[in-house]
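Here's the structure we're looking at; comments come further down.
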Amino acid sequence: GILTISEKWKRHLSSDSIYYKTEDYLKEKFPAFEKDSAVIYINGAICPTKELVSEVKKLKEAERLVLKHDGKIITVAECININSDYLTISEIECTFKPTIIKNLWDIFSKNGEQLLQDFELLTKGRKSQPISKTNQVIKPENIFLEEGAIVECAILNASSGPIYVGKDAEIMEGSIVRGGLALCEHSALKLGAKIYGPTTIGPYSKVGGEVTNSVILGYSNKGHDGFLGNSVLGEWCNIGADSNNSNLKNNYAEVKLWNYPQEKFVGTGLQFCGLIMGDHSKCGINTMFNTGTVVGVSANIFGAGFPRNFLPSFSWGGAAGITTYRLKDAIETAERVYERRGKKFDEVEQKIFAHVFEQTEKFRK
């Protein structure tokens with residue numbers, strides 16, 4: 001969509017504060033709620049709707065909202081005090097079936113419905129900045145420009161989905177966009193970009209070339225020609241010029257994708273599935289990614305030929321072979337990348353890097 005899942009809930013619940021219950025190594029960056037009182041815990045994989053939010057708001061202490069999903073009962077939300085021992089917790093069945101992000105590929109395959117919902121949430125009762133007459137526009141009522149957005153000499157077709165241009169974002173001349181598209185704040189479509197929806201380009205990102213049904217989370221660049229399709233890029237990624245990914249196998253068979261918990265490739269049920277790239281990973285010019293490739297965190301991929309379909313975190317190399325991207329070197333690169341954006345890759349970030357490096361060592365052997 002346009003918003004992250006936590007941002008969606010924050011807006012729907014009109015809450016100024018969001019806390020997290022997460023892995024130990026992430027707690028310093030994503031703080032937990034530590035007060036001795038009841039609080040609503042929400043399943044982080046679930047995207048809100050107006051109807052669902054209404055049911056969540058009705059929860060009282062020691063109540064849990066549940067639903068059946070894939071043959072299992074899962075918790076949507078619960079109102080508890082983690083310092084209390086409850087003899088019983090009442091279960092209330094959820095009457096609405098929300099969107100649940102369970103698999104990596106759900107991020108792009110369910111992006112269209114979330115983009116539409118976020119567009120309605122963000123633009124209701126508001127007026128778009130005027131669209132320049134230098135553009136060729138189809139369905140202008142489905143296009144919204146935030147303050148500071150610049151769009152000139154572009155083709156915008158919002159008949160198949162909304163087009164949202166965030167604060168101080170820019171669509172440069174010659175770009176062709178078929179919605180839905182979310183171009184978030186301070187991001188840019190470069191000259192002559194070709195975008196097929198539903199696609200999300202997160203904040204402070206630069207994108208060029210051809211992109212279809214992909215999600216770029218933010219602070220990442222794909223600034224040059226090359227194809228990206230049915231894919232997800234994490235934060236702080238960089239795609240080299242003329243790099244491409246395949247999103248369809250030559251035999252049109254189901255795409256399999258690396259599954260971390262199962263430590264093997266599993267079927268996606270999809271015919272179209274491209275590249276999944278973790279935070280801080282990068283590839284050199286003319287890199288070719290096979291259908292259904294998973295790249296971990298802080299990998300540096302380069303060289304001729306197709307690398308294998310699973311490239312562990314802190315990989316260095318490509319089709320000719322992989323060695324380990326040393327933690328010290330990876331941190332130095334991240335520090336330089338952060339500095340370019342006026343940010344500091346601090347001790348908290350370094351601790352997360354060190355944990356992921358250790359946690360993924362077995363995959364590099």
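Residue numbers count from 1 along this sequence.
- Taken from CZ in Phe289 to OG in Ser246, the straight-line distance is 12.5 Å, to the nearest 0.5 Å.
- Relative orientation of the His186 and Tyr204 rings is parallel, given thresholds of 30° and 60° on the angle between their planes.
- Side chains of Ile322 and Leu311 form a contact here, defined as non-hydrogen atoms less than 4.5 Å apart.
- For the side-chain contact (heavy atoms from CB on, under 4.5 Å) with Leu233, the lone residue among Ile216, Asn238, Ile276 that qualifies is Ile216.
- Without hydrogens or angle criteria, Asn135 side chain to Ile155 main chain gives no donor-acceptor distance under 3.5 Å.
- With contacts defined as side-chain heavy-atom distances shorter than 4.5 Å, the pair Lys139/Ile143 does not qualify.
- Residues forming a ring pair (Phe, Tyr, Trp, His ring centres under 6.0 Å) with Trp9 (at least two apart in sequence, or on another chain): none.
- The six-membered or imidazole ring of Phe314 lies away from that of Phe363, with a centre-to-centre distance of 6.0 Å or more.
- To the nearest 0.5 Å, atom CG of residue Leu104 and atom OG of residue Ser231 are 11.5 Å apart.
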*Candidate pair Lys68 and Glu93, rule salt bridge (charged side-chain N to carboxylate O under 4.0 Å, His left out), full reasoning*: CA-CA 9 Å; Lys68 192 172 184 179; Glu93 188 172 351; over 6 Å; no

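- Phe144 and Tyr164 have parallel rings, their planes meeting at less than 30° on a 0 to 90° scale where 60° marks the start of perpendicular.
- A distance of 10.0 Å separates NZ in Lys264 from CH2 in Trp258, rounded to the nearest 0.5 Å.
- With rounding to the nearest 0.5 angstrom, the OG atom of Ser214 is 9.5 Å from the NZ atom of Lys222.
- With a 4.5 Å cut-off on side-chain heavy atoms, Asn43 and Val76 do not count as touching.
- Within the 4.5 Å cutoff, no side-chain heavy atoms of Ser132 are placed close to those of Val151.
- Note: His280 and Tyr325 fail the aromatic proximity criterion, with ring centroids not under 6.0 Å apart.
- Here CG of Asn244 is found 9.0 Å from CD of Glu210. Values are rounded to the nearest 0.5 Å.
- In this structure, the side chains of Glu347 and Lys351 come closer than 4.5 Å at one or more pairs of heavy atoms.
- No side-chain donor from either of Thr49 and Gln117 sits under 3.5 Å from a side-chain acceptor of the other.
- For Thr4 (side chain) and Glu7 (main-chain N/O), a donor-acceptor pair under 3.5 Å exists by modelled atom type.
- The backbone N or O of Gly218 lies less than 3.5 Å from a partner atom in the side chain of Ser220, making a donor-acceptor pair.
- Side-chain contact check for Ser159 versus Asn142: every heavy-atom pair is 4.5 Å or farther apart.
- For the pair Glu146 and Lys167, the salt-bridge criterion is not met [side-chain N within less than 4.0 Å of a carboxylate O].
- Side-chain contact, Asn81 with Asp36: a donor N or O sits under 3.5 Å from an acceptor N or O.
- Stacking of Arg364 on the aromatic ring of Phe357 is recorded, both the 6.0 Å distance cut-off and the 45° axial limit being met.
- Side-chain contact, Tyr19 with Glu34: no donor N or O sits under 3.5 Å from an acceptor N or O.
- By the 4.5 Å heavy-atom criterion applied to side chains, Phe227 and Asn247 are counted as neighbours.
- The closest side-chain heavy-atom distance from Ser54 to Phe96 is not below 4.5 Å.
- Note: the hydrophobic cluster containing Val211 does not contain Phe272 (ILVMFWY, side chain heavy atoms under 4.5 Å, direct or indirect links).
- The distance from the OG1 atom of Thr333 to the CZ atom of Phe345 is 10.0 Å, given to the nearest 0.5 Å.
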